[in-house]
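Computed from a prediction, not measured in an experiment: that's the story for all the values here.
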Amino acid sequence: MIIDNAVNVEGRRAGWSASRVLVPGTAAQLGAFGLFAPAAGAAVVLPAGNAGMRALAADRELLWLTFVDVARAAADGADWASLAPRHALWVVSGVPVLAVAPRQAAEAFRSLAETLRAADVPLFVVALADPGPLPEALPVETADDGGLPPADLGT
């Protein structure tokens with residue numbers, strides 16, 4: 001299934017079932033799903049919780065966060081349930097192996113993933129290695145070429 005503006009090839013809105021883990025998240029892997037690394041100047045700060053939430057890119061179609069930004073936003077009281085439907089597709093890059101990540105950061109990420117699953121919003125996880133169990137197992141796509149992920153994606 002090719003994701004392009006969160007609509008699958010059949011023309012229906014893509015839901016949680018379109019979610020993927022991309023390891024390591026090369027430009028070719030992203031491009032295969034209609035995703036492209038945000039431009040350096042695309043970062044924005046969105047209202048969320050008690051403070052703003054930094055996003056590498058944000059519009060109605062896409063919200064791209066780093067794992068660190070997810071952890072910070074959760075600590076600042078971000079309400080994932082109210083944010084989930086505002087963006088048709090979410091990407092979180094720089095996701096570590098959750099078993100060795102700081103506990104609160106891993107819990108924040110799992111909470112976000114569970115909220116997106118419940119809202120039927122697709123999530124793309126960009127990681128250097130399989131991050132491990134999420135609320136529901138996601139297909140893991142690995143790069144055959146062993147290339148590196150695009151710079152500045154928090155990986």
Side-chain angles (χ1 to χ4, degrees), residues 1-46 48 52-74 78 80-81 83-98 101 105-106 108-155:
M1 177 183 311
I2 304 296
I3 303 298
D4 186 12
N5 293 327
V7 175
N8 67 21
V9 292
E10 292 85 27
R12 295 186 308 263
R13 183 183 177 279
W16 177 260
S17 64
S19 300
R20 297 283 186 277
V21 175
L22 303 179
V23 176
T26 65
Q29 283 181 296
L30 294 168
F33 292 97
L35 298 170
F36 304 95
V44 297
V45 176
L46 303 173
M53 176 176 64
R54 180 181 166 270
L56 296 179
D59 59 32
R60 288 177 41 102
E61 299 300 321
L62 172 75
L63 180 62
W64 193 312
L65 304 169
T66 67
F67 180 80
V68 170
D69 294 326
V70 168
R72 285 183 185 144
W80 300 130
L83 292 170
R86 294 184 190 175
H87 308 280
L89 173 72
W90 289 54
V91 176
V92 179
S93 54
V95 178
V97 174
L98 297 175
F109 177 73
R110 284 188 186 105
S111 175
L112 169 61
E114 176 57 34
T115 301
L116 294 175
R117 186 201 58 77
D120 199 27
V121 174
L123 169 65
F124 276 69
V125 176
V126 179
L128 291 177
D130 184 348
L134 292 172
E136 183 175 306
L138 297 180
V140 177
E141 308 281 341
T142 57
D144 294 331
D145 63 5
L148 296 175
D152 300 325
L153 295 185
T155 54

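Applying the side chain to side chain contact (heavy atoms under 4.5 Å, CB included) test to Arg72 and every residue at least two apart in sequence or in another chain returns Val68, Asp69. Under the side chain to side chain contact (heavy atoms under 4.5 Å, CB included) criterion, Asp130 pairs with Val140, sequence neighbours left out. Remark: Ala43 pairs with no residue by the side chain to side chain contact (heavy atoms under 4.5 Å, CB included) rule, at least two apart or across chains. Take Ala105 and apply the side chain to side chain contact (heavy atoms under 4.5 Å, CB included) test, not counting sequence neighbours, and it matches Phe67, Ala71, Pro102.
Considering Thr66, Leu63, Leu56, Val70 as possible partners of Val92, the one that fulfils the side-chain contact (heavy atoms from CB on, under 4.5 Å) test is Val70.
Ala108 approaches Trp80 most closely through the heavy-atom pair O-NE1, 3.9 Å. For the residue pair Pro122 and Ala88, the shortest heavy atom distance occurs at CD-O, 3.2 Å. Taking every heavy atom of both residues into account, Leu46 and Ala58 meet most closely at CD1-CB, 3.8 Å. Residues Trp64 and Ala37 approach most closely at CH2-CA, 4.1 Å, considering heavy atoms.
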Practice prompt. Determine, step by step, whether Leu35 and Val91 satisfy the side-chain contact (heavy atoms from CB on, under 4.5 Å) criterion, reporting the C-alpha distance in whole Å, the side-chain angles of both residues, the deciding distance to 0.1 Å, and the verdict.
Written response: CA-CA 9 Å; Leu35 298 170; Val91 176; 4.2 Å; yes
Item to complete: Check the pair Met53, Leu65 against side-chain contact (heavy atoms from CB on, under 4.5 Å), reporting the backbone distance first and the verdict last.
Response: CA-CA 9 Å; Met53 176 176 64; Leu65 304 169; 4.1 Å; yes
Discussion item. Evaluate Trp90 against Thr115 for side-chain contact (heavy atoms from CB on, under 4.5 Å), listing each step before the verdict.
Written reply: CA-CA 12 Å; Trp90 289 54; Thr115 301; over 6 Å; no
Item to complete: Apply the test side-chain contact (heavy atoms from CB on, under 4.5 Å) to residues Leu89 and Phe124: give CA-CA distance (whole Å), side-chain angles for both, the deciding distance (0.1 Å), then the verdict.
Response: CA-CA 8 Å; Leu89 173 72; Phe124 276 69; 3.6 Å; yes
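Atoms CG and CZ, on Leu138 and Arg117 in that order, are 11.0 Å from each other to the nearest 0.5 Å. Interatomic distance, CH2 of Trp16 versus CG of Leu116, reported as 6.0 Å (0.5 Å rounding). Distance check, rounded to the nearest 0.5 Å: CG of Leu98 to CG of Leu134 gives 6.0 Å.
Panel note: side chain Asp120, backbone Gly15; no donor-acceptor pair is recorded below 3.5 Å.
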Please report, to 0.1 Å, the donor-acceptor pairs under 3.5 Å made by any side chain of residues 27-34, with sequence neighbours excluded.
{"unit_1": "Gln29", "atom_1": "OE1", "unit_2": "Gly25", "atom_2": "N", "d": "2.7"}
{"unit_1": "Gln29", "atom_1": "OE1", "unit_2": "Thr26", "atom_2": "N", "d": "2.9"}
{"unit_1": "Gln29", "atom_1": "NE2", "unit_2": "Val23", "atom_2": "O", "d": "3.1"}
{"unit_1": "Gln29", "atom_1": "NE2", "unit_2": "Glu141", "atom_2": "O", "d": "2.8"}

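Annotation: side chain of Pro131 is in contact with side chain of Val21 (closest heavy-atom distance under 4.5 Å). Side-chain contact between Phe109 and Val125 is present, with heavy atoms from C-beta onward closer than 4.5 Å.
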